Protein chains: 4
Amino acid sequence: MNHVRNSVRLIGNLGMNPDIRELGNGKKMARFSLATNESRRDAEGNRVTETSWHHLVAWGKSAEIAERFLHKGSEVAIEGKLTHRQYVDREGVKRQFTEIVVNDFLMLGSRQ
Amino acid sequence: MNHVRNSVRLIGNLGMNPDIRELGNGKKMARFSLATNESRRDAEGNRVTETSWHHLVAWGKSAEIAERFLHKGSEVAIEGKLTHRQYVDREGVKRQFTEIVVNDFLMLGSRQ
Amino acid sequence: MNHVRNSVRLIGNLGMNPDIRELGNGKKMARFSLATNESRRDAEGNRVTETSWHHLVAWGKSAEIAERFLHKGSEVAIEGKLTHRQYVDREGVKRQFTEIVVNDFLMLGSRQ
Amino acid sequence: MNHVRNSVRLIGNLGMNPDIRELGNGKKMARFSLATNESRRDAEGNRVTETSWHHLVAWGKSAEIAERFLHKGSEVAIEGKLTHRQYVDREGVKRQFTEIVVNDFLMLGSRQ
DNA sequence: TTTT
DNA sequence: TTTT
C-alpha cells in the first residue's frame, strides 16, 4: 500500500489484446500497451494529437479480469506504480525498461 | 491541461542538485533524479527498502523554482506527465528514455 | 497550480444536465452532481453497489465545454480541488458545503 | 480497491492530535483534521494563503500508525476516498458531513 | 439524481 | 499498436 509515494494514473486505449502468461505458481500475469492521446495546438494553431504508448503489467486477480474483459481498443482508467528494470538484451546491450504495475483499473464506455 | 489522462505523483528525495540549462529562448530547463523508497517485507519477513530512481524534467517557472530551492537530498512531492522518447545513442543503438515532465511540485519538510 | 496539495479524482456519471450560470463578468459557471459507484460484497457475500453523490463546479472554459458536451448520464473523469464553504441557510442554520472545483475533465465512452 | 473511481490526495498539517476510538471489535479508528494551504495572489497582487480544513478518518492498521506517529502539526501526505454522510443533529437539523477515508498516508519532513 |  |  505504498501508493502515496509512487502513483501513475492513465486513461486510454489498449493497442492489442492483453498478453497472458501463467506462472509456475498458477498466478497469472497480463501485459498490454496503453495509448494516451493528448490533444494540443501546434505552432501554427492546428490541433494535433500526440500519442504516448505505455507498458503495463497486471498480476493475479487483476490479470484475470484483464484477460476476461480487456481487448484491443478497450478504453480503461488505470492506477499503478511506476517501475524501471535494468536488463541486458540478446546483443549484450544494457537497457532500461519502464513499466507500470497496475494496482486497480476500470473499464470505461462499456455501454457498447 | 491534459492531466486527467496522464498523471504521475511521486514523493521522494533528489539524488543530486538539479542540472539547469538555459535554452535559446531564455527559458530554463531543470533535470534531476528522484528516489522513491518503498518499504515491504521479503519472503523471510524482513523489512526491505526498494528504491526506484525516476528521471524528472521541469520547464520555465518550475525550473527556476527548482534551481533556487531544490538540492541533493531535498524531499519533494511532484505531479507530472509520463513521457517516453526514442533516440539513437552514440553507438547507434536505439533506446527509449522515460521521463516525467513536472507540472507542479512542493518542497516538503521545510522546517529544517 | 497548487494541485499537488489538494487533488480529487472521480470517475462517474452525471445525475442531471449541468446547471449553467453566466456571471456579471461574462464568465460562465457550470454546476452538476456526479455519482461514483463502488461495488463491494456485504456481510452476506452479496454484491452491493454504493453510490456517492458529489457536488462539482466548473468555471470559464471548462464550464463552456461542460455546457456543450455534458448531460444527464454522461460518463466523465474529473480532476479538481476539494473545497468547503460555510454559509447560513434561510432558517439561520450554519451549514458547510463541500464541492469540487473542476480543473480538468474528460468525457468517456463517447463512441455512443 | 475502488480507488480509480474516487481518490483524494492531500498534503498538509494536522490541526490536532488524532482522536482515537476503539470499537467493539477491537478495531481502532483515528479522526483528525488536516489543513491544506494554498498560496495565490489576490486582486491587488498580494500573496495570500488560503487554508482548507479537511476531515479525515483512518481505520485499523492505519489508525494504529496514526495514533503512534501523528500529532498536532505533523506534515503528511494522504490518499483516501471522498465520502458524504447524512445525519440529523441534536436540534433535529438534517446535515451532511464530508470526510475522507484514508487508504494510505506518509509522514513527511521526518528528519526533525 | 447517474451508471452497470 | 489504440482512440476521436
Side-chain angles (χ1 to χ4, degrees), chain A residues 10-20 30-42 46-57 65-66 68-78 97-100 102 105-112, chain B residues 2 4-6 82 84 86 94 96, chain C residues 10-20 30-41 46-57 65-66 68-78 97-100 102 105-112, chain D residues 2 4-6 82 84 86 96:
Chain A
L10 302 173
I11 297 178
N13 300 86
L14 269 77
M16 56 180 207
N17 291 331
D19 175 32
I20 310 293
R31 267 186 207 292
F32 52 94
S33 296
L34 189 82
T36 55
N37 298 294
E38 183 170 340
S39 177
R40 57 177 196 82
R41 296 201 178 276
D42 66 11
N46 304 312
R47 274 242 159 274
V48 290
T49 295
E50 276 172 7
T51 297
S52 294
W53 285 100
H54 310 275
H55 299 287
L56 291 267
V57 63
I65 299 173
R68 276 203 289 167
F69 295 110
L70 298 186
H71 49 82
K72 183 171 173 165
S74 294
E75 187 182 20
V76 289
I78 70 98
F97 183 69
T98 293
E99 75 186 345
I100 295 147
V102 174
F105 71 87
L106 179 62
M107 288 157 280
L108 303 171
S110 45
R111 260 186 280 178
Q112 294 89 336
Chain B
N2 284 290
V4 253
R5 298 171 209 246
N6 179 339
L82 188 60
H84 314 282
Q86 276 75 35
K94 262 178 87 173
Q96 246 221 357
Chain C
L10 301 174
I11 297 178
N13 302 85
L14 269 77
M16 56 181 207
N17 291 331
D19 176 31
I20 310 294
R31 266 185 208 292
F32 52 94
S33 297
L34 190 81
T36 54
N37 298 295
E38 182 170 341
S39 178
R40 58 177 195 81
R41 297 203 178 275
N46 303 312
R47 274 242 160 274
V48 291
T49 296
E50 275 171 9
T51 298
S52 294
W53 286 100
H54 311 275
H55 299 287
L56 291 267
V57 63
I65 298 172
R68 276 204 290 168
F69 295 109
L70 298 186
H71 48 83
K72 182 172 174 165
S74 294
E75 187 183 18
V76 288
I78 70 98
F97 183 69
T98 293
E99 75 186 345
I100 294 146
V102 174
F105 70 88
L106 179 62
M107 288 157 279
L108 302 171
S110 46
R111 260 187 279 179
Q112 295 88 337
Chain D
N2 284 289
V4 254
R5 299 170 209 245
N6 179 339
L82 188 60
H84 314 283
Q86 277 75 35
Q96 246 221 355

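Source: prediction; values computed, not measured. Every chain is numbered from 1 and lettered A, B, ... according to where its sequence line falls, protein lines coming before strand lines.
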Grab the CD-P distance between A:Glu38 and F:dT3 for me, whole Å please.
19 Å
Whole angstroms only, please: what is the CD-C1' distance between C:Glu75 and E:dT1?
16 Å
Please report, rounded to the nearest Å, how far the P atom of F:dT4 is from the CG atom of A:Leu108.
13 Å
Whole angstroms only, please: what is the CG-P distance between C:Asn46 and E:dT4?
22 Å
Given E:dT2, F:dT2, E:dT1, identify the nucleotide with an atom nearest to the side chain of A:Asn13.
F:dT2
Once hydrogens and angles are ignored, does a donor-acceptor distance under 3.5 Å link the base of F:dT4 to the side chain of A:Asn37?
no
With sequence neighbours excluded, what pairs up with A:Arg47 under the side-chain contact (heavy atoms from CB on, under 4.5 Å) test?
A:Ser39, A:Arg41
Residues passing the side-chain contact (heavy atoms from CB on, under 4.5 Å) test with D:Asn6, sequence neighbours excluded, are C:Leu10, C:Thr36, C:His54, D:Lys81, D:Leu82
How long is the line joining CG of C:Leu34 and P of E:dT3, in whole Å?
12 Å
Nucleotide E:dT1, atom P - distance to CD of D:Gln96 in whole Å:
17 Å
May I ask you to say whether C:Arg40 pairs ionically with C:Glu50, meaning some side-chain N is under 4.0 Å from a carboxylate O?
yes
Could you tell me if the side chain of C:Leu34 sits less than 4.5 Å from the side chain of C:Leu14, heavy atoms only?
yes
How many Å lie between CG on A:Leu56 and C1' on F:dT2, as a whole number?
12 Å
Let me know the distance between NE2 of A:His54 and P of F:dT3, rounded to the nearest Å.
16 Å
Considering only F:dT3, F:dT1, E:dT2, which nucleotide approaches the side chain of C:Thr51 most closely?
E:dT2
E:dT2 base stacked by C:Trp53? Criteria: ring centres under 5.5 Å, plane angle under 30°.
no
